[in-house]
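Okay, so here's the structure we're looking at.
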There are 2 protein chains.
Amino acid sequence: MGEDWRERLRGSGYRLTPQRELVLAAVERLGHATPEEVLAVVRESASAINLSTVYRNLEVLEELGLVRHAHLSDRVATYHSTTDHEHFHIVCRKCQRVVSVDPEVAASFEERLRTEMGFEADLGHLVVFGSCVECESSDGE
Amino acid sequence: MGEDWRERLRGSGYRLTPQRELVLAAVERLGHATPEEVLAVVRESASAINLSTVYRNLEVLEELGLVRHAHLSDRVATYHSTTDHEHFHIVCRKCQRVVSVDPEVAASFEERLRTEMGFEADLGHLVVFGSCVECESSDGE
DNA sequence: TTCCATGCAAACACTTTGCACCGTG
DNA sequence: CACGGTGCAAAGTGTTTGCATGGAA
């Protein structure tokens, strides 16, 4: 995905601001990032920018389909760029590790939801909590 | 599931208070309920009870495995009793409808996560967002 | 020059905590 | 009668909003 997002911004009546660029760049660089983390990165790479600006821009970017969010913890939303291949997430409750999984792994599940429940699942937003085997075995906590 | 939760409470060093009973009863009656909704029900059925007491009791009840929570909306947690058969949830982003689904529907998905990803999914906490076909077709909003 | 975007501070929604008093066990 | 539970109020988080100013188009 190249530079056409600039077009998309303008085409939707939005403006291209430095803050907007920085927020998008930060999300792409971080992989999975909370608004606070985005703020931190943007700040280090340059100027001052406000948290509310980060929120507002993440919202715009998501509306344009440039980023997506998922709830990787009980409290905070985390954003990731859609430049990456689509994926869903599994999160280990014990070691907090987050792994991105190929949607193919959920394909038949998705299919069953569609045919049996009449439900079109949004995998890009899916988060499955549980625990990884490593944590299961070393259950010293 | 009968009355043995009283034992379980005491066995874990907790006490059996009227508030505790009321909170559990409210969750069972409501099916899926946010802390605020639990509060409302408890209040109507009787005495005054504080929101923080509701939170504290939901926490205790979850620790004992009597209730579980899942994030059925982007903001609030909703609790449900474990007396009901285990299930996971699908939530329509358009009509907000929440449907409980038999874990069997996710069984093979769960299995793939286990074998291919070395991950033990916690289905009871699973929420799949998306949209129901009815909403898909009548796409006038 | 027009509006959208930004910064800042205040408001919000949800949840947690400190503390004195209450009541179960 | 000891110790966990409760109510109340205050403090925390994470997120949103109002408003005057700034800057992209």
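By convention in this document, chain letters (A, B, ...) are assigned in the order of the sequence lines, proteins followed by strands, and residues within each chain are numbered from 1. Here the structure is a predicted model, which means the values were calculated and not measured.
Put simply, the side chain of B:Glu21 reaches to within 4.5 Å of the side chain of B:Arg6, judged on heavy atoms. Side-chain contact between A:Val99 and A:Arg97 is present, with at least one heavy-atom pair separated by less than 4.5 Å.
In this pair, A:Tyr79 and A:His69 present their aromatic rings tilted. The plane angle is within the 30 to 60° band. Using the six-membered ring where Trp is involved, A:His32 and A:His80 have ring planes that are perpendicular, over 60° apart on the 30 and 60° scheme.
Distance CD1 (B:Ile49) to P (C:dC22): 18 Å, rounded to an integer number of Å. Protein atom CG of A:Leu61 is 18 Å distant from nucleotide atom P of C:dC4, rounded to whole Å. The CG atom of A:Asn50 sits 15 Å away from the P atom of D:dT17 (whole-angstrom rounding). Taking atom CG on B:Asp74 and atom P on C:dA13, their separation rounds to 16 Å, with Å as the unit. Rounded to whole angstrom, the span from the CG atom of A:Asn57 across to the P atom of C:dC4 amounts to 15 Å. Look at CG on A:Leu58: it is 10 Å from P on D:dT16, rounded to the nearest Å. Separating the OH atom of A:Tyr55 from the P atom of D:dG14 is a distance of 8 Å, rounded to the nearest angstrom. For the pair B:Leu9 CG and D:dG5 C1', the computed distance is 12 Å after rounding to whole Å.
Residues B:Asp74 and A:His71 bring a donor and an acceptor atom of their side chains to less than 3.5 Å of each other. Counted by atom type alone, B:His89 and B:His87 present one or more donor-acceptor pairs between their side chains at under 3.5 Å. There is no side-chain donor-acceptor pair under 3.5 Å between A:Glu120 and B:Ser131.
A sub-4.0 Å separation between OP1 or OP2 of C:dG23 and a side-chain N or O of B:Gln19 is absent.
Place B:Glu59 and B:Arg75 on DNA chain C by their nearest nucleotides, and B:Arg75 ends up nearer the 5' end. Take the nearest nucleotide of DNA chain D for B:Gly13 and for B:Leu51: the residue whose nucleotide is more 5' is B:Gly13.
Remark: nothing in residues 36-44 of chain B comes within less than 4.0 Å of DNA chain D through any heavy atom.
Nearest nucleotide to the side chain of B:Arg20, out of D:dG14, C:dT6, D:dG5: D:dG5.
Taking Ile, Leu, Val, Met, Phe, Trp and Tyr as hydrophobic and joining them when side-chain heavy atoms fall under 4.5 Å apart, one finds A:Val76 isolated, its cluster having no other members.
Interatomic distance, CG of A:Asn57 versus OG1 of A:Thr17, reported as 5.5 Å (0.5 Å rounding).
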Would you mind building the protein contact string for nucleotides 20-25 of chain D? One character per nucleotide, 5' to 3', B for base within reach (heavy atoms under 4.0 Å), S for sugar-phosphate only, - for untouched.
---BBS
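A:Phe88 pairs by the ring-ring contact (aromatic ring centres under 6.0 Å, His included) definition with B:Phe109, not counting sequence neighbours.
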Distance-only criterion, 3.5 Å: show the donor-acceptor pairs between side-chain atoms of residues 9-16 of chain B and protein atoms not counting sequence neighbours.
| unit_1 | atom_1 | unit_2 | atom_2 | d |
| --- | --- | --- | --- | --- |
| B:Ser12 | OG | B:Arg8 | O | 3.0 |
| B:Tyr14 | OH | B:Glu63 | OE1 | 3.0 |
| B:Tyr14 | OH | B:Glu63 | OE2 | 3.1 |

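The neighbour count for A:Glu59 CD, taken as heavy atoms of other residues, nucleotides or ligands under 6.0 Å away, does not exceed 12.
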At a cut-off of 3.5 Å, list every protein nitrogen or oxygen paired with a nitrogen or oxygen from nucleotides 18-20 of chain C, distance to 0.1 Å.
| unit_1 | atom_1 | unit_2 | atom_2 | d |
| --- | --- | --- | --- | --- |
| C:dG18 | O6 | B:Arg56 | NH1 | 3.3 |

